[in-house]
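Have a look at the structure below before the remarks.
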Amino acid sequence: MSAGRDGGRRRSASYWEPPRQALVERAVLAGVHIMHGSDGASEWVDLDELERLADTAGAVVVGRLEQRRLRPDVRSLLGKGKAQQLEKLVKSVHADLVIFDNDLTPAQGRNLERMLGIRVLDRTELILDIFVRHARTRQSRLQVSLAQNQYLLPRLARMWKHLERQAGGIGTRGPGETQIETDRRLIRRRISQLRRELAEIDRRMETQHKQRTHEYRVALVGYTNAGKSSLMNRITQAGVYVEDQLFATLDATTRRVELEGGRSFLLTDTVGFLRRLPHHLVESFRATLSEVDEADLLFHVVDATVDDVDAQIDAVEEVLKGVCTGEPEQVLVFNKIDALNDPKWLEQARRSWPHAFFVSARRGEGVDELLEEVTRRRKQSERSVVVQVAHGHPRSLARLHELGEVLHVDYEHDPAEVRLRVDRANYGRMVRLPGVEVLEVSRGRIGNRGS
Ligand SMILES: Nc1nc2c(ncn2[C@@H]2O[C@H](COP(=O)(O)OP(=O)(O)OP(=O)(O)O)[C@@H](O)[C@H]2O)c(=O)[nH]1
Ligand SMILES: [Mg+2]
């Protein structure tokens, strides 16, 4: 459990606090399936997944309660009878906290805590807690902190209660120093400050990005725990942290991969997705997720061993819609085929997803095919171009032969016209050659980022 990592750092020494490692919290999970939510859509909870989240956060699950309702109860989500049942359960299993798979309004959270007499968390708080534990770089720490502060703002009264109890534990880790200053004005000021600091990091990253505009880029995306980082490590030896946990990765790592024939591309591994990912988090992680938006190709990694493959694919698609401004090309990559229980599954899946790839990041099966696919698609991204080369630039003319496949040189024209095929990376280099001017590009893709 990673709880001890930042345990001692933030708190003032004015009271004793048990070491965090010693703290195993006993959690009851609760979820309400709602037929008609606030936006009219039904909301289906998934306590198995919530249990995995709770486990990642270091809690032990000692009980569960589910309910179906037409509409959420405004005061307590559950309604009185069910809340009483929950209270009994909590007492009988000696729970320290209740975690709801639904999002609670500030009032519902407050009321439930009053009724149950123990801490109540909702799904967003739990996910935020995991993000706090797993944030390693300055950027991801700031991003999580921003999301946490935004979440906290309308819930200050309840958070104060948590702080008063101050036993520590899931969801009580405030966003850094602000934990003590929990006061609306200060939080607002902190939010602005975090935004400024993140904008500064964004600017620096953008400069780095600009230098890579002409590279072919592939991003690994997918449901959390699908094996994106394992695949990254298998392809690039990047040494990204891999763990059987949700949200092990929160940062983006990019490495160059050399392909046969002297070509290369950039591969990025980044934060995983989840059903109903809290919108504050998606917002805060926009800079990290921009790696996904700027990719030429997405490897959508799917854990082939889960029961609800389709639902996970849909959830990822849903998050991608919010993250991508365009429609990057996408390839489905089913991972962990070494661990399939049902040997028939692979056969059926190949029929259902004829364009997908089936790999094992652990054993390396299928990985070469993925690289071949990149080569193929990269080639497809090549376009034919007509340029003119001004007099007195013979070196530029010679360089064109190195950068692409020269199809025709028309010396009749003055200046000479050259028709050639180049890929995106070399297109960028070509336009910077002295004396070279582009007359025609066959299709839109080359240079479509304003390069
Ligand atoms: N059997 C098997 N397990 C794998 C394979 N690839 C990854 N895993 C395991 O799956 C778990 C998650 O792997 P990660 O690479 O951390 O997954 P991720 O998609 O990066 O996860 P997040 O960063 O948390 O979103 C780890 O326990 C890996 O060892 C595989 O090909 N076969
Ligand atoms: Mg990862």
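Computed from a predicted structure; not experimentally measured. Ligands are counted one by one from 1 in listed order, and the atoms in each one are counted from 1 as well.
- Residue-ligand proximity: A226 is placed with a non-hydrogen atom under 4.0 Å from ligand 1.
- Each of the following atoms of ligand 1 lies closer than 4.0 Å to a heavy atom of A339: 1 (N).
- Of the protein's heavy atoms, V242 CG1, 3.7 Å lies nearest to atom 28 (C) of ligand 1.
- Less than 4.0 angstrom separates some heavy atom of Q245 from each of these atoms of ligand 1: 24 (O).
- Heavy-atom proximity to S229, at under 4.0 Å, picks out these atoms of ligand 1: 15 (O), 18 (P), 20 (O).
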Side chain to side chain contact (heavy atoms under 4.5 Å, CB included) for D122 and I99? Distances and angles first, verdict last. CA-CA 5 Å; D122 68 8; I99 309 175; over 6 Å; no

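- The E243 neighbourhood of ligand 1 comprises atoms 11 (C), 12 (C), 16 (O), 26 (C), 27 (O), with distances under 4.0 Å to a heavy atom of that residue.
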Walk me through whether L220 and T270 qualify under side chain to side chain contact (heavy atoms under 4.5 Å, CB included). CA-CA 7 Å; L220 295 160; T270 187; over 6 Å; no

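- Closest to atom 10 (O) of ligand 1 among all protein heavy atoms lies K336 NZ, 3.0 Å.
- At a threshold of 4.5 Å between non-hydrogen side-chain atoms, the residues L78 and Q67 count as touching.
- Between F285 and F131, a ring centre-to-centre spacing shorter than 6.0 Å is recorded.
- The protein atom (non-hydrogen) at minimum distance from atom 6 (N) of ligand 1 is N335 ND2, 3.1 Å.
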Candidate pair I201 and M205, rule side chain to side chain contact (heavy atoms under 4.5 Å, CB included), full reasoning: CA-CA 6 Å; I201 296 180; M205 281 177 55; 4.0 Å; yes

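- L53 places a side-chain heavy atom less than 4.5 Å from the side chain of L274.
- Of all protein heavy atoms, the one lying nearest to atom 17 (O) of ligand 1 is G227 N, 3.1 Å.
- Taken to the nearest 0.5 Å, the CG atom of L104 stands 10.5 Å off from the CG atom of N111.
- A distance of 12.0 Å separates CZ in R234 from CG in L370, rounded to the nearest 0.5 Å.
- Heavy-atom proximity to T224, at under 4.0 Å, picks out these atoms of ligand 1: 22 (P), 24 (O), 25 (O).
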May I have the step-by-step check of side chain to side chain contact (heavy atoms under 4.5 Å, CB included) for Y216 and V374, ending in yes or no? CA-CA 9 Å; Y216 189 78; V374 177; 3.9 Å; yes

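- Between F358 and F334, the ring centre distance stays below 6.0 Å.
- Numbered from 1 in the order shown, with element, the atoms of ligand 1 that lie under 4.0 Å from a heavy atom of G272 read 25 (O).
- Summarising the geometry, atom CG belonging to D55 is positioned 7.0 Å from atom CD belonging to E51; distances are rounded to the nearest 0.5 Å.
- A salt bridge does not link R217 to D296: none of the charged side-chain nitrogens sits closer than 4.0 Å to a carboxylate oxygen.
- At the top of the distance list for atom 29 (O) of ligand 1, counting protein heavy atoms only, stands R362 NH2, 2.9 Å.
- Looking from atom 12 (C) of ligand 1 to the surrounding protein, the closest heavy atom is N225 OD1, 3.0 Å.
- A distance of 6.0 Å separates CG in L47 from CG in L29, rounded to the nearest 0.5 Å.
- The Mg ion (ligand 2) has S229 OG, T249 OG1 as its protein N, O or S neighbours under 2.8 Å.
- Scanning the protein heavy atoms around atom 19 (O) of ligand 1, the nearest turns out to be K228 NZ, 2.7 Å.
- Heavy-atom contacts of S230 reach the following atoms of ligand 1: 6 (N), 7 (C), 13 (O), 14 (P), 15 (O), 28 (C) (cutoff under 4.0 Å).
- Contact annotation: the side chain of Q108 never approaches that of F100 to less than 4.5 Å [non-hydrogen atoms, C-beta and beyond].
- Here is the list of ligand 1 atoms found below 4.0 Å of a heavy atom in F247: 24 (O).
- The closest protein non-hydrogen atom to atom 32 (N) of ligand 1 is D338 OD1, 2.7 Å.
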